[in-house]
Amino acid sequence: MRPLIKEILLMKPDTEPRTVYGWVRTKRDSKNVCFFELSDGSCLKNLQVIVDKEKYNPESILAKLTTGAGLEVDGMLVESPGQNQAVELQASEIKILGEAPAETYPLQKKRHSFEFLREIAHLRPRTNALGAVTRVRSAASFAVHRFFQERGYYYVHTPIISASDCEGAGEMFQVTTMDMNEVPKVDGKVDYSKDFFGKSSSLTVSGQLEAEIYALSHSNVYTFGPTFRAENSNTARHLAEFWMIEPEMAFCTLEGNMDAAEEFIKYVIKYVLDNCAEDMELFNKFIEKGIVDSLKSVVNSKFYRVTYTEAMKELEKNADKFEFKPSWGVDLQSEHEKYLTEQVFNGPVIVTDYPKDIKAFYMKMNEDGKTVRAMDVLVPRLGEIIGGSQREDSLEKLTARIEDMDLEKEDYWWYLDLRRYGSVPHSGFGLGFERLIQYMTGMQNIRDVIPFPRTVHNAEF
RNA sequence: UCCCCUGUAGCUCAGCUGGUAGAGCGGGUGACUGUUAAUCACUAGGUCGGCAGUUCAAGUCUGUCCGGGGGAGCCA
């Protein structure tokens with residue numbers, strides 16, 4: 001395999017000519033020499049190529065060395081007299097593999113706004129910032145798998161299409177093969193028995209319930225896959241299609257769950273800091289000043305842990321600061337989460353034991369009968385990054401909760417079976433992968449940390 | 001879905017109380033003894049988001065639709 005520019009930049013000067021491939025990022029031309037920089041996406045830095053016009057002067061080619069052009073360049077890697085690079089390529093022959101006419105190529109050698117780049121999502125990975133995001137995202141994905149694999153978790157592929165109507169984590173996208181112009185009906189209602197699966201089906205909003213199945217056979221499992229929410233939400237931290245990581249651990253209480261979540265976040269951050277130092281420096285300099293130091297301190301510190309009740313007391317002390325008055329029984333508002341992470345604790349905080357009425361039916365009830373064994377990890381800038389809980393493992397209590405919340409017990413027959421046969425304490429959490437990337441890079445809009453963002457009214461590319 | 005802001009050259013923006021448009025960057029041309037956000041000179045780019053209205057006159061005011069951004073809710 002050909003060496004990548006990332007590797008070439010670390011090499012000693014050549015004794016024999018080599019061939020390099022890449023795309024032109026920028027060109028600087030003068031009377032006798034022409035410099036251009038090549039990128040192949042393997043790293044943030046470019047390889048500087050120098051053309052000595054006296055020795056090699058193909059005018060027709062030099063004119064086509066525009067930003068974006070794809071090249072094959074033969075030359076000698078030599079020590080660079082310049083300040084910004086150790087080596088550079090002295091070109092002896094340049095072959096244009098693909099031109100990029102400067103009059104129409106949208107990317108210029110200047111800063112572009114992220115809003116503009118979103119409109120050209122097919123070209124934006126060629127920019128420094130989005131290129132760095134791409135590498136960090138890939139490294140973080142690898143770190144996710146490595147973290148769990150090193151600890152004996154099994155990667156379970158939970159379904160993308162779900163015909164069970166029992167997830168309740170938000171609005172769902174319907175999946176159907178029925179002709180929408182001629183929907184079969186019975187008594188005025190859609191006849192789903194005629195549909196592909198014989199019943200109404202949707203894209204998954206969570207793999208948790210299925211992950212629980214495998215946790216109760218393989219102890220520790222995780223999922224990492226696309227998740228779909230048809231919410232009409234228009235914010236910098238919501239997507240209709242996003243990637244979620246959901247570990248589920250048997251013989252594990254809320255405390256073990258919190259330990260796992262904390263260790264996990266630190267592990268992925270540390271992996272990215274160690275393996276994407278150059279890209280992280282870009283974010284540190286241009287996107288969120290000081291983020292590298294702040295992430296380093298997160299890795300080395302202990303996450304604060306408070307109960308919802310304690311957090312509420314803290315908020316009530318400063319009730320006048322908030323638009324929404326904090327009071328026990330009401331969910332934490334964005335401003336409350338920001339205050340806790342940014343003002344009170346200045347770092348990640350785990351809030352536990354929320355009132356049962358603001359949490360999902362499957363969370364384990366506390367002794368007090370009022371709160372459940374839930375935990376949310378809140379971080380500065382973003383708010384909630386993880387939501388998790390110890391699961392209710394008592395058949396009686398879970399059944400009662402399902403009935404209390406007016407859910408159909410029959411829909412949950414297999415979920416209840418897990419409590420009927422060999423039920424043990426188990427816990428898990430869900431982490432939005434894009435939010436983690438946002439947290440690590442400082443990128444303000446979630447649409448810029450996923451290659452092809454899907455949001456309300458937008459599924460372009 | 002609600003509140004606020006915004007839509008002018010390829011990009012980022014300026015355009016005061018209404019009088020038919022400007023900068024920087026980018027592009028093109030030329031100059032320049034190795035540049036690295038190169039530099040310098042010249043030059044070409046605009047139905048001012050769409051539609052309707054007020055007015056002698058609308059980039060500027062009003063209504064409406066569409067796009068973008070920020071905040072809120074929902075959540076990961």
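Lettering of chains follows the sequences in order, A, B, ..., and the numbering in each one begins at 1. We use all heavy atoms of the structure for the numbers below, so side chains are in, but hydrogens, waters and symmetry mates are not.
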Note to self: Roughly how many Å apart are C32(B) and A41(B), using the C1' atom of each and rounding to a whole number?
What the structure shows: 11 Å
Notebook entry, point to check: Which whole-number value in Å describes the distance from Leu107(A) CG to G27(B) C1'?
Noted result: 14 Å
Margin query: On RNA chain B, compare the nucleotides closest to Ala63(A) and Phe116(A); which residue's is nearer the 5' end?
Written below: Phe116(A)
Note to self: Should Phe433(A) be counted as stacked on A76(B), where stacking needs a ring-centre gap under 5.5 Å and an angle between planes under 30 degrees?
What the structure shows: no
Note to self: Whole angstroms only, please: what is the NZ-P distance between Lys110(A) and G27(B)?
What the structure shows: 10 Å
Checklist line | Nucleotide-resolved protein contact map, nucleotides 65-74 of chain B, B/S/- at heavy-atom distance under 4.0 Å | finding: ---SSS-BBB
Next item on the list: Could you work out the separation of A52(B) and C42(B) based on their C1' atoms and round it to a whole Å?
Entry: 44 Å
Item checked: Identified pairing partner of C2(B), criterion: Watson-Crick or G-U wobble below 3.5 Å -> G71(B)
Check: Between G28(B) atom C1' and Lys64(A) atom NZ, what is the distance in whole Å?
Finding: 17 Å
Checklist line | Qualifying residues under salt bridge (Lys or Arg N to Asp or Glu O under 4.0 Å), relative to Arg454(A), sequence neighbours excluded | finding: none
Check: With the sugar-phosphate defined as primed atoms, P, OP1 and OP2, and the base as all remaining atoms, what B/S/- string results for nucleotides 33-40 of chain B, 5' to 3', for protein heavy atoms under 4.0 Å?
Finding: SBBBSB--
Check: What integer distance in Å separates His112(A):NE2 from A9(B):P?
Finding: 15 Å
Margin query: I need the full list of salt bridge (charged side-chain N to carboxylate O under 4.0 Å, His left out) pairs touching residues 69-93 of chain A, with sequence neighbours left out, sorted by first then second residue.
Written below: Glu72(A)-Lys95(A)
Checklist line | Whole angstrom value for the distance that separates C1' of U12(B) from CG of Leu117(A) | finding: 12 Å
Next item on the list: Quick one: list whatever passes side-chain contact (heavy atoms from CB on, under 4.5 Å) with Glu342(A), sequence neighbours left out.
Entry: Lys338(A), Pro380(A)
Notebook entry, point to check: Which glycosidic conformation, syn or anti, is assigned to G28(B) if syn requires a torsion within 90° of zero?
Noted result: anti
Next item on the list: Look at the rings of Tyr153(A) and Phe148(A) and say which category their plane angle falls in: under 30° parallel, 30 to 60° tilted, over 60° perpendicular.
Entry: tilted
Check: When the ring planes of Phe461(A) and Phe452(A) are compared, do they come out parallel, tilted or perpendicular, using 30° and 60° as the limits?
Finding: tilted
Next item on the list: Could you tell me how the ring of Trp328(A) sits relative to the ring of Tyr308(A): parallel (under 30°), tilted (30 to 60°) or perpendicular (over 60°)?
Entry: perpendicular
Check: What is the nucleic acid contact for Ile385(A), judged by heavy atoms within less than 4.0 Å: base, sugar-phosphate only, or nothing?
Finding: sugar-phosphate
Check: Going by the salt bridge (charged side-chain N to carboxylate O under 4.0 Å, His left out) test, which pairs reach into residues 10-29 of chain A, not counting sequence neighbours?
Finding: Asp14(A)-Arg18(A), Arg28(A)-Glu37(A), Asp29(A)-Lys53(A)
Checklist line | Between C66(B) and C51(B) - C1' atom distance, rounded Å | finding: 11 Å
Next item on the list: Give none if U60(B) has no partner; otherwise give the nucleotide forming a Watson-Crick or G-U wobble pair with it, both distances under 3.5 Å.
Entry: none
Next item on the list: In whole angstrom, give me the gap between the P atoms of U20(B) and G59(B).
Entry: 9 Å
Checklist line | Separation of the P atoms in A14(B) and U35(B), to the nearest angstrom | finding: 37 Å
Checklist line | For G7(B), the Watson-Crick or wobble counterpart (both distances under 3.5 Å) | finding: C66(B)
Note to self: Measure CD/Glu241(A) against C1'/C75(B) and give the value in whole Å, please.
What the structure shows: 17 Å
Checklist line | Integer angstrom distance from the C1' of U17(B) to that of U60(B) | finding: 11 Å
Check: If pairing requires Watson-Crick or G-U wobble contacts with both distances under 3.5 Å, which nucleotide is the partner of G28(B)?
Finding: C42(B)
Note to self: Could you tell me if Arg373(A) sits above the aromatic ring of Tyr354(A), with its cationic atom closer than 6.0 Å to the ring centre and no more than 45 degrees from the axis?
What the structure shows: no
Note to self: Which label fits Phe224(A) and Trp243(A): parallel for a plane angle under 30°, tilted from 30 to 60°, or perpendicular past 60°?
What the structure shows: perpendicular
Next item on the list: Would you please classify the geometry between the His112(A) ring and the Phe116(A) ring as parallel, tilted or perpendicular, with 30° and 60° separating the classes?
Entry: tilted
Note to self: Other residues, nucleotides and ligands only: do more than 12 of their heavy atoms fall within 6.0 Å of CZ on Phe147(A)?
What the structure shows: yes
Note to self: Could you tell me how far C40(B) sits from G24(B) if I compare only their P atoms? Round to whole Å.
What the structure shows: 11 Å
Checklist line | Same-atom distance (P) from C25(B) to U36(B), integer angstrom | finding: 15 Å
